[in-house]
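I have placed the structure first, in the form of structure tokens, so that the comments after it can refer back to it.
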Amino acid sequence: MADWSDVLASVAAALGGDKAEGKRLLSACWENTADVDHAQRCVLAHYLADVQDGIDDEITWDERALTEHGFLCETDLAPVGIPSVQGLLPSLHLNLGDGYLRRGRIGLAQKHRHAGQVHSSHLTHDGYGAMIRSGLKNLGDRITAVGTRE
């Protein structure tokens, strides 16, 4: 199992703008996890998706994050400041929906946008919650725009 402080430091590096270093650190943390370390793998995969160079790899990591999420218990993400695992679902679905839309898989994009909306009641009413809600709305608008062009 990777140490949560290492996971958080890797996430901070990835968010800090150095994509290559973030990817290296996140990947190293991933290698230090075991198949049963679902919480850490969920978080790592969520951020590993963001540092990929290609859309297919990004989607693969986003799918992996959602799969790992399915094994979590209610408080498993508390070490990263998420009191309920349900609070991460809207972001996971938003990222997958966005990836599928960019890949041209409109039906899957719509499915994940809808799932994100359904779970948005678990978002906090703060800047993070507002950002994810806005992202879901924007994704819906982009899906609609693509649908009107077809």
Side-chain angles (χ1 to χ4, degrees), residues 1-19 21-52 55-103 105-144:
M1 173 187 281
D3 184 85
W4 273 114
S5 61
D6 293 338
V7 171
L8 293 173
S10 299
V11 168
L15 293 175
D18 187 344
K19 185 176 173 179
E21 180 65 3
K23 185 175 185 178
R24 185 187 72 73
L25 292 170
L26 290 166
S27 296
C29 282
W30 178 270
E31 293 302 319
N32 287 323
T33 64
D35 290 345
V36 297
D37 297 331
H38 301 296
Q40 291 180 340
R41 284 182 163 218
C42 178
V43 170
L44 289 165
H46 184 53
Y47 288 98
L48 274 161
D50 295 338
V51 294
Q52 299 306 306
I55 187 64
D56 292 331
D57 290 334
E58 181 180 337
I59 289 171
T60 296
W61 280 108
D62 281 331
E63 289 170 339
R64 191 170 288 151
L66 188 58
T67 297
E68 292 292 339
H69 187 277
F71 292 100
L72 301 183
C73 296
E74 183 60 18
T75 59
D76 282 350
L77 296 176
V80 292
I82 302 172
S84 166
V85 297
Q86 299 303 311
L88 185 59
L89 276 173
S91 181
L92 296 177
H93 285 293
L94 170 61
N95 287 3
L96 259 175
D98 175 67
Y100 285 137
L101 179 61
R102 288 184 287 133
R103 181 37 97 204
R105 300 179 73 183
I106 308 307
L108 283 172
Q110 180 60 28
K111 173 187 167 191
H112 284 284
R113 188 213 54 88
H114 177 72
Q117 287 293 117
V118 166
H119 293 288
S120 67
S121 63
H122 298 286
L123 290 170
T124 53
H125 294 284
D126 58 7
Y128 172 78
M131 177 184 71
I132 300 301
R133 284 184 187 91
S134 175
L136 288 165
K137 181 191 177 313
N138 179 273
L139 177 59
D141 292 345
R142 290 171 38 225
I143 291 169
T144 299

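Quick caveat, the model's predicted, so the values are computed rather than measured. We use all heavy atoms of the structure for the numbers below, so side chains are in, but hydrogens, waters and symmetry mates are not.
No side-chain heavy atom of Tyr47 sits less than 4.5 Å from a side-chain heavy atom of Trp30. Arg103 places a side-chain heavy atom less than 4.5 Å from the side chain of Asp56. The shortest side-chain heavy-atom distance between Cys73 and Asp76 falls under the 4.5 Å cut-off.
Ion pair Asp35/Arg41 flagged as a salt bridge, since at least one NZ, NE, NH1 or NH2 atom sits closer than 4.0 Å to an Asp/Glu carboxylate oxygen.
Shown here for Gly116 and Pro90, the closest heavy-atom pair between the two residues is O-CB, 3.8 Å. Residue Val51 comes nearest to Ala14 through the heavy atom pair CG1-CB, 4.1 Å, listed as atom of the first residue, atom of the second, then distance. Between Ser27 and Leu48, the shortest heavy-atom distance links the atoms OG-CD2, 3.6 Å.
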- prompt: Could you go step by step and tell me if Lys19 and Asp50 meet the salt bridge (Lys or Arg N to Asp or Glu O under 4.0 Å) rule?
  reply: CA-CA 9 Å; Lys19 185 176 173 179; Asp50 295 338; over 6 Å; no
task: For the pair Leu66 and Leu89, evaluate side chain to side chain contact (heavy atoms under 4.5 Å, CB included) and give the outcome as yes or no after the intermediate values.
output: CA-CA 8 Å; Leu66 188 58; Leu89 276 173; 3.7 Å; yes
message: Show, in sequence, the C-alpha distance, side-chain angles and deciding distance for Val118 and His93, and conclude whether the side chain to side chain contact (heavy atoms under 4.5 Å, CB included) test is met.
response: CA-CA 10 Å; Val118 166; His93 285 293; over 6 Å; no
message: Run Leu94 and His112 through side chain to side chain contact (heavy atoms under 4.5 Å, CB included) and show every step you take.
response: CA-CA 7 Å; Leu94 170 61; His112 284 284; over 6 Å; no
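Pairs passing the side chain to side chain donor-acceptor pair (under 3.5 Å) check and including a residue from residues 80-89, sequence neighbours excluded, read Glu74-Ser84. Among pairs with a residue in residues 62-73, those fulfilling side chain to side chain donor-acceptor pair (under 3.5 Å) read His38-Glu68, Glu63-Tyr100, at least two apart in sequence or across chains.
Looking at Asn95, its side chain never comes within 3.5 Å of a backbone N or O of Leu92 through a donor-acceptor pair. When atom types are taken as modelled, the side chain of Asn32 and the backbone of Ala28 share a donor-acceptor pair closer than 3.5 angstrom. Not one N or O on the side chain of Ser134 forms a donor-acceptor pair closer than 3.5 Å with the backbone of Ala130. Side chain of Lys23 to main chain of Asp18: no donor-acceptor pair is present (N/O by atom type, distance under 3.5 Å, no hydrogens or angles). Ser91 places no side-chain N or O within 3.5 Å of a backbone atom of Leu88 that could act as its donor or acceptor partner.
Atom CH2 of Trp4 is separated from atom CG of Leu77 by 6.0 Å, given to the nearest 0.5 angstrom. For the atom pair NZ of Lys111 and CZ of Arg105, the computed distance is 10.0 Å after rounding to the nearest 0.5 Å. Summarising the geometry, atom CD1 belonging to Ile59 is positioned 7.5 Å from atom CG belonging to Leu96; distances are rounded to the nearest 0.5 Å. In this structure, CD on Glu31 lies 10.5 Å from CG on Leu44, to the nearest 0.5 angstrom. Between Leu139 atom CG and Ile132 atom CD1 the span is 11.5 Å, to the nearest 0.5 Å. The line from CD1 of Ile55 to OG1 of Thr60 is 9.5 Å long, rounded to the nearest 0.5 Å.
Sparse packing is recorded around NE2 of His114, with 12 or fewer heavy atoms of other residues, nucleotides or ligands lying under 6.0 Å away. Remark: Lys137 NZ is loosely packed, at most 12 non-hydrogen atoms of other residues, nucleotides or ligands lying under 6.0 Å away.
For His46, there are no ring pair (Phe, Tyr, Trp, His ring centres under 6.0 Å) partners two or more places apart in sequence or in a different chain.
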